[in-house]
Structure formats: C-alpha cells, structure tokens
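Take a look at the structure set out below.
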Amino acid sequence: MKDKIIDIAKQFKFKGQLINIEENTQGNINTTYLLTFNDHGTINRYLLQKINNYVFKDPYKVMHNIELITNHINKKLLKEKDYKHQIQTIIKTIEDKIIYTLVNEKGETEYYRAYNYIDNCQSYDECYSTLIAYNAGRGFGIFHRLLSDFSVELLDDTIPDFHNTLKRLEDLKTSIKNDVSGRHIKYSKEIADLMTKEKEISLIWQELGTKIPIRVTHNDTKINNILLSTDDQDVIAVIDLDTVMKGSVLFDIGDGIRSTCSSCDENETDKNKIHLDLDLTKAYIKGYLQEMANYLTVDEVKYIALSIKTLTYELAIRFLTDYINHDVYFKIKYKEHNSDRFLNQYTLLEDIEKKMDIINDFVWTTYEQILEKAQLN
Ligand code: GN1
Ligand code: MG
C-alpha cells in the first residue's frame with residue numbers, strides 16, 4: 001500500500017520530498033492519508049484522499065462543487081480581510097487536473113484528490129466543553145454566511161435526496177423487504193416505533209423550496225468536520241466538503257447538534273451513557289445564531305428543534321438500513337458496528353424527543369436576544 005501511495009503522490013503538485021505517510025481512519029466514507037513533505041527544511045503537509053465512488057457516483061461533480069465554493073469562500077475571506085478563517089485548497093495534479101485516476105489490479109477505476117493540510121488545528125470525535133460546541137455552531141454559521149450570496153443553481157446534486165428523510169425511510173422498507181441478511185428481526189420493535197414518526201420527519205424536506213429557502217449547505221456537519229485552533233479552540237475551518245450541495249441550513253444545524261451535543265460519540269454502546277447534553281446544545285445554538293440570526297427566516301428558526309430530531313432519526317435509519325443490507329455503505333470496524341451505531345442514534349433520538357420543548361424555547365429566546373442586540377448596535 002505504501003508504495004502505491006508514494007507513486008500516487010508523485011502525480012500531485014506537492015512541494016518537497018515525501019518523508020511520512022499516515023492513514024487517518026476518522027471518516028466513514030473516503031480513505032484518507034496525511035502526507036508530510038520536506039522542502040529544503042520547510043515541512044509541508046497535505047491530505048491525499050481516495051474518493052469512495054460507491055457513495056459519490058461522479059467524483060468530478062463532487063470536485064467541481066468543491067472548487068466553486070472554496071474559490072468563493074477564499075475570495076470573500078480576502079475581501080472581508082478575515083485572515084483567521086480558512087478553507088481547504090485543492091492541490092491539483094501535475095497535469096493541472098482536480099482528480100488523478102488509475103485503474104487497479106481488479107480493473108476498477110480509483111479516484112484521488114488532494115488538499116493542503118491546515119496546520120495548528122485539531123478536530124474532535126467527541127465534544128467535551130461548551131466552548132467547543134459554541135465554536136462548532138459558529139463555524140457552520142460562518143460557512144453558511146460566507147456562502148449566502150453564492151448561486152445555488154451552480155452546484156450539482158452529487159448525492160440526490162441525501163437528506164430526504166422520507167426517501168431514507170423508503171430505503172429502510174426496501175431493505176427489510178429484500179431481507180438479504182435476516183438481520184431486521186432483531187429490531188422489529190424499534191422499526192415499528194420508527195414507522196410511527198413518518199409524518200413529522202418528512203416535514204422539513206417537504207417544505208424545502210416553499211416555506212424553507214434553498215441554500216448552499218454542507219450536509220455532513222459532524223463534529224470532526226470542524227477544525228479548531230490548538231491555541232484557543234477558536235474555529236478556523238470547516239472541512240469535508242464532499243456533500244456541499246443545495247439544501248436547507250436545517251440539515252446542517254440538526255446534524256451538527258446531533259453529532260456535537262450528544263453526551264457520547266457515535267460508537268458508544270452503553271445505552272445508559274447516551275443523551276443529548278442540553279448545555280452543549282444551547283452553546284451550539286448560540287454560536288450558530290450569533291452568525292446567522294440575521295439571515296434566517298422565521299420558518300427556519302421554527303424548525304431548528306425539529307431538525308435535530310429529524311437528522312438523528314435519519315442517521316439512525318441509515319445505519320439500520322446498512323446493517324440490514326449487510327454493510328455496503330459505511331465502513332465498519334467490526335461485524336456488528338452498524339447495529340451498534342443504530343442503537344446509539346436510536347437512544348439519542350428517544351432522549352431528544354423528551355427535550356424538544358426546552359430546545360424550542362431556548363432557540364426563540366436566543367434568536368430574539370441576538371436580533372435585539374444587533375438592532376441596538
Ligand atoms: C459519513 O465521511 P463522514 O464520516 O464524515 C456520512 C454522513 C454521516 C456520517 C456518520 C457522504 O460521514 O452522512 O452522518 O458518516 N457521509 C456520507 O458518521 O454519507
Ligand atoms: Mg464525509
């Protein structure tokens with residue numbers, strides 16, 4: 001493997017001599033390597049990634065979207081003289097392409113792309129302070145704000161229906177019908193319960209484009225997709241831009257809170273430890289609204305609490321569907337991994353349902369406070 005990566009690295013415009021290769025196993029989809037180069041004493045780091053083309057059917061469209069939005073964000077940061085926040089930069093191939101392809105020994109095409117590595121930053125798999133939650137919320141708020149004047153129609157739908165929760169439910173039903181593994185029996189009680197929530201979890205998608213504005217969204221706002229400064233944990237960048245498409249900010253808020261404000265990470269198997277931490281949730285909402293309150297419509301604000309429930313529900317059924325389909329989508333580290341991930345999100349969902357009113361009240365109070373303060377300034 002190492003020799004293969006060394007050869008692939010020669011195809012990109014990296015500066016210096018390759019001195020180290022490290023695999024990063026945080027993501028559930030792509031395969032990522034951190035490459036270190038020595039350029040006459042200067043250390044340069046890059047990320048080399050093999051794009052999962054089972055998930056991303058057209059990697060060129062993915063990279064095209066990323067090129068457009070990173071150019072836009074870079075221009076805006078310069079214009080606003082914001083030298084603190086960053087966005088990943090695509091490193092092109094020696095032939096000036098955004099993707100390098102090769103055909104492997106099985107005759108399959110592999111797709112590789114590279115980015116600069118953002119130094120002096122850290123990402124977390126679990127949130128352990130309100131400061132981290134606040135800055136994660138702010139980070140995605142800044143991202144939405146910077147893209148608020150980008151024309152959404154320029155972006156391709158790289159994974160159609162990605163946050164169409166009702167379609168995800170249909171996929172679950174199909175997996176149960178096809179029954180390739182016999183695994184769904186284990187969860188008949190949970191499945192019956194999930195089916196009762198169909199109407200509520202369809203609402204956001206159904207109102208997208210009418211009540212809810214279509215905007216540029218990240219669509220994968222889990223906690224480890226945000227980089228915080230190693231000095232003071234201030235937000236520096238949003239990463240993993242593969243799923244940037246048109247959508248609703250509610251997808252990002254809901255997914256961000258379910259991931260960042262859970263008391264545990266997605267792999268925790270002790271049900272008793274899993275709940276939505278309200279302090280973290282409040283900090284996240286505050287951070288997000290600090291950046292975006294002025295841009296949101298009242299309907300968007302109204303659905304924030306529902307978005308947390310919807311996105312948790314959605315990921316729960318995605319893990320369950322993949323478990324029933326015998327693990328074809330998410331990378332697994334052990335046999336029952338998707339089953340454990342499902343139970344984790346299902347437990348979180350049960351807790352979120354109990355806290356909806358508290359969250360909703362907090363959203364409105366914070367929203368009004370921020371708008372009031374903005375008017376006084
Ligand atoms: C995947 O690649 P990663 O780990 O950031 C998935 C997300 C899920 C997440 C759950 C393209 O994200 O939608 O929320 O796993 N990405 C894709 O951990 O399906
Ligand atoms: Mg991802």
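Below, all heavy atoms of this structure are taken into account, side chains as well, without hydrogens, waters or symmetry copies. Just so you know, ligand 1 is whichever comes first in the structure, and atom 1 is the first atom listed for that ligand.
Using a 4.0 Å cut-off between charged nitrogen and carboxylate oxygen, K75 and E80 do not count as a salt-bridge pair.
If you number the atoms of ligand 1 from 1 as listed, the ones under 4.0 Å from a heavy atom of G27 come out as 4 (O). Listed by number with element, the atoms of ligand 1 under 4.0 angstrom from any heavy atom of Y329 are 11 (C), 17 (C), 19 (O). Every atom of ligand 1 is numbered from 1 in the order shown, and the set under 4.0 Å from a heavy atom of F56 is 11 (C).
By the 3.5 Å distance cut-off applied to N or O atoms, K222 is counted among the residues near ligand 1. Ligand 1 has an N or O atom lying under 3.5 Å from an N or O atom of D220, backbone or side chain. Considering backbone and side-chain N/O atoms, D255 never comes within less than 3.5 Å of an N/O atom of ligand 1.
Figure legend: K10 and F14 shown without cation-pi pairing, the cationic atom not lying both under 6.0 angstrom from the six-membered ring centre and within 45 degrees of its axis.
Only the side chain of L315 comes within contact range of ligand 1, with a heavy atom under 4.0 Å; no backbone atom does. In N225, the part holding a heavy atom less than 4.0 Å from any atom of ligand 1 is the side chain. At a heavy-atom cutoff of 4.0 Å, ligand 1 is contacted by both the backbone and the side chain of N28. Only the side chain of T243 comes within 4.0 Å of ligand 1, counting heavy atoms alone; its backbone N, CA, C and O stay farther away.
In this structure, the ring of Y46 has its center no less than 6.0 angstrom from the ring center of Y115. Between Y288 and H144, the gap from one ring centroid to the other is short of 6.0 Å. The distance between the ring centers of F342 and Y187 falls below 6.0 angstrom.
Side-chain contact of Y124 with Q233: a donor-acceptor pair under 3.5 Å is present, judged by distance alone. A side-chain donor-acceptor contact under 3.5 Å links Y303 and E207.
Summarising the contacts of atom 16 (N) of ligand 1 with D240, I239, L311, I29, the nearest heavy atom is found in I29. Across R258, K331, E266, R318, heavy-atom proximity to atom 18 (O) of ligand 1 is greatest for E266.
The aromatic rings of F143 and H218 sit perpendicular, their planes meeting at an angle over 60°, well past the 30° parallel limit.
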